[in-house]
Amino acid sequence: MAAGQDKAGDMVDISAADNYEFTGYKRNLQGWQGHLIFWCCVSFTVFHLLILNVFPIDSILFRAIHVGWGGVIAFAVYAPLRGKTLGQIPLYDWLFILLSIACAGYVGYYIDELQFRAGALYEPGDVAAGFVGVLLILEMTRRTAGLALPIIAGVFILYAFIGPWLPGILYHKGYGFGFFFSYIYSDQGIFGVTTQVSSTYIVLFITFGAFLTASKAGDYMNELAVSLVGWARGGPAKVAVLSGVLFGTISGSAVGNVVASGMITIPMMRRVGYDRSTAGAIEATSSTGGQITPPVMGAGAFLMAEITGIAYTEIALAAVIPCLLFYIACYVHCDLHAVKHGLRGLPRSELPPIGAMLQKIYLLAPIFVLIGTLLMGYSEFRAGTLGIVSALVVSWISSKHRMGVSATLEALHHAARETAQLVAICACAGIIVGVIALTGIGGRFSHVILTVAGENQVLAMFFAMLISLVLGMGMPTTAAYAVAASVVAPGLVRIGIEPIVAHMFIFYYAVISSITPPVALASFAAAAIAQADQWRTSIIAVKLGLATFIVPFMFFVSPLLLAQGELLPILYVFVTASAGVFFLACSTEGWLNGPLIWPLRILLFGGAICLITPETITDLIGIAIGIGVWGFQRLRHGADPGAKIPSPAIARS
């Protein structure tokens, strides 16, 4: 078990957090099998880059190869159970690998016939390939992402057969074994929009992230954050926040962000006096925000672009203000917590010199290339590819981090291994989406929501929030969004909510389910690293991310918060909403120029909500409340009572 010792004398368990990202266990393959899978992974990534940029092929064939090849990697790399992580691939997994190849090969060989009879006719071979393919995908997903998603997919599969015996809105005519599996193993299900996204955007941008990591841009982002804010009061916590913003641009996984940056930031926070749970919660919250941080958001954002037909550039632009509000709130929370508890920053002598950091600013060039090419109107595929090339080029500027042939191959290999999980998730989500479309349950469920809400948009959005949070607790964000987008979003659009508002609303709650108890994977991973109580860490993380629970309702009230409108009104609502999240943080932390008594905390909370709500009258009320409470606190406690609190000598337990 990998562990390190932080400066407070605690053993920091890094590997324990991996269990919250991957329920399965990775094999460390040796000998000829290790070399074979290495080149299989390299070829997987190169194949996708060539198809996306140079040699396009039939889309269904491409997706079938994508899923089949992903299955080869998954069954080779992921062991089925704890204790089975041998250095060799056992015989039964070789059988699964051959079956994955056979299913993809069947689709490739009969591609024309399959497209001709899809959803209408079927042959015995179609049924056999579909049945085996579905079982393989369920097992792939169980190994790479846990039991929750395969169980939910299994329930939907069962629903397709037992519909005639179910009451009310659950009733449907039912489908035969042959028709169902030939239907679901087509572009109507597994090879539909979810796999389209994983075979294009996800592979491309995971490869972009792998090349940024290999070029040491990821390490540079952490060092830059330490250099910029590590000296401030509560500096390590602010490093975690800034690192979440920077690292979130290259990683769309909350738990991945926790593991990557938490091993650095959590020990630093412990050293200056943060207790275990707070240190873990700060890292979990800031890492979760990485999934809503442009330009590379979570995989669900790419799925949103395909489902809605809205350009990914527009979706990324719409996420800018909510993302900034999220991190403003996190930063203010960290600052107020440091003031309350007298937590200082790190000595400047221990920080990377800012001058040296600025000399290596070129390492961020790939991100600027990606943003620039997207804004210039290039496709996401071309922009991502240019970003990959630029990461390779900037590594050559520094002889210390130059990517040679070996490092380049390793980046291609790492990208494929990281993609395998999302291949399984998206294919499994395709089963659920296919059943929803086949049975029509999505439309009936939307009708029930609308009936209960009675055309009340706020109530309908509240139901959508609950559904997204519950789905996100049991499934990865991408799958949770895919299901909610199929079941809930159409109903929201039907009652007059703009598609980008409805889908972004669902996506945000699917994301922040990572820090929402009772199943809060990002919080649990951070707690594992900090050796903290999982529940307390999750509760503190919810407090830190409270703005994100509220902001989606605010951009429902006014799409200006999603950058939908003229520039000046957008800037105005951003400024007032920023003031609102500042006062919201003060209210939840109980501190504004000194301790806040409960009546003032409640009053300030109301003022914060008024400011976040983009209306002139509510803004004026919020400003009046905020200034009034601030003035009262200043008269009562002075300018900066926190400066008088001595810094603790040792970290709290």
Side-chain angles (χ1 to χ4, degrees), residues 2 14 26-55 69-70 72-73 76-77 87 202-224 226-227 243 246-247 249-253 256-257 259-261 263-264 295-296 352 356-373 381-420:
I14 304 303
K26 291 183 179 179
R27 296 186 176 108
N28 182 22
L29 298 174
Q30 305 293 328
W32 68 269
Q33 292 187 1
H35 290 294
L36 177 64
I37 298 304
F38 175 87
W39 287 107
C40 178
C41 290
V42 170
S43 302
F44 175 90
T45 307
V46 171
F47 168 77
H48 283 79
L49 293 176
L50 289 175
I51 297 301
L52 292 175
N53 290 280
V54 184
F55 305 113
W69 206 333
V72 170
I73 296 171
V77 172
I202 291 175
V203 171
L204 187 64
F205 284 96
I206 285 181
T207 305
F208 174 66
F211 271 75
L212 277 182
T213 301
S215 67
K216 302 303 178 183
D219 292 343
Y220 172 72
M221 290 175 185
N222 282 327
E223 292 174 3
L224 180 62
V226 172
S227 180
S243 176
L246 296 173
F247 200 78
T249 62
I250 65 172
S251 172
S253 167
N257 290 352
V259 175
S261 61
M263 58 188 296
I264 299 172
V296 183
M357 289 294 98
L358 292 178
Q359 289 177 7
K360 295 192 293 183
I361 195 71
Y362 62 84
L363 288 171
L364 297 181
I367 296 174
F368 292 112
V369 168
L370 177 66
I371 296 172
T373 49
F381 307 144
R382 186 57 51 85
T385 303
L386 290 174
I388 292 170
V389 173
S390 63
L392 190 61
V393 170
V394 298
S395 76
W396 296 341
I397 298 175
S398 170
S399 58
K400 183 179 179 182
H401 304 307
R402 183 172 297 166
M403 290 180 64
V405 174
S406 177
T408 302
L409 292 175
E410 186 56 42
L412 295 169
H413 163 246
H414 180 74
R417 286 173 65 102
E418 293 302 309
T419 302

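What you are looking at is a predicted structure, and each value in this text was computed from that prediction instead of being measured.
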Show, in sequence, the C-alpha distance, side-chain angles and deciding distance for L370 and L386, and conclude whether the side chain to side chain contact (heavy atoms under 4.5 Å, CB included) test is met.
CA-CA 7 Å; L370 177 66; L386 290 174; over 6 Å; no

Enter the distance from F47:CZ to L52:CG here, rounded to the nearest 0.5 Å.
9.0 Å

As an exercise, state the distance from OG1 of T419 to CD1 of I73, rounded to the nearest 0.5 Å.
7.5 Å

Residue set satisfying side chain to side chain contact (heavy atoms under 4.5 Å, CB included) with V389, at least two apart, ordered chain then number -> V393

Sub-4.5 Å side-chain heavy-atom contact between C40 and V72:
yes

Looking at S215, is its backbone amide N or carbonyl O close enough to the side chain of Y220 to form a donor-acceptor pair, meaning the two atoms are under 3.5 Å apart?
no

What's the shortest heavy-atom distance between A214 and A411, and which atoms?
CB-CB, 4.1 Å

Set of salt bridge (Lys or Arg N to Asp or Glu O under 4.0 Å) partners for E223, sequence neighbours left out:
K360

Is the shortest heavy-atom distance from the side chain of I388 to the side chain of L204 under 4.5 Å?
yes

Does any non-hydrogen side-chain atom of N222 lie less than 4.5 Å from one of V226?
no

Just jot down the side chain to side chain donor-acceptor pair (under 3.5 Å) partners of D219, sequence neighbours excluded, or say none.
none

Looking at residues at least two apart in the chain, or sitting in another chain, which of them share a ring pair (Phe, Tyr, Trp, His ring centres under 6.0 Å) with F368?
none

Checking Q33 now: which residues fulfil side chain to side chain contact (heavy atoms under 4.5 Å, CB included) with it, not counting sequence neighbours?
L29, Q88, I89, W94

Give the minimum heavy-atom separation between T373 and A383, together with the two atoms involved.
OG1-CB, 3.2 Å

Listed partners of F38 passing ring pair (Phe, Tyr, Trp, His ring centres under 6.0 Å), at least two apart
H413

Qualifying residues under side chain to side chain donor-acceptor pair (under 3.5 Å), relative to S227, sequence neighbours excluded:
none

Is the W69 ring parallel, tilted or perpendicular to the F44 ring (thresholds 30°, 60°)?
perpendicular

Do the side chains of V77 and R417 get nearer than 4.5 Å, heavy atoms only?
yes

P352 and M357: which non-hydrogen atoms are nearest, and at how many Å?
CB-CE, 4.0 Å

Non-hydrogen side-chain atoms of P366 and F208 separated by less than 4.5 Å:
yes

Search all heavy atoms of I37 against all heavy atoms of A76 and return the closest pair with its distance.
CD1-CB, 3.5 Å

So the side-chain hydrogen bond (donor to acceptor under 3.5 Å, both in side chains) pairs with at least one residue in residues 38-53 (sequence neighbours excluded) are H48-H66, N53-T385

Mind checking the CG-OG spacing from L364 to S390? Nearest 0.5 Å is all I need.
11.0 Å

Which residues pass the side chain to side chain contact (heavy atoms under 4.5 Å, CB included) test with I371, not counting sequence neighbours?
P295, I367, L375

What closest approach, in Å, do H414 and A210 show between heavy atoms, and which atom pair accounts for it?
CD2-CB, 4.1 Å

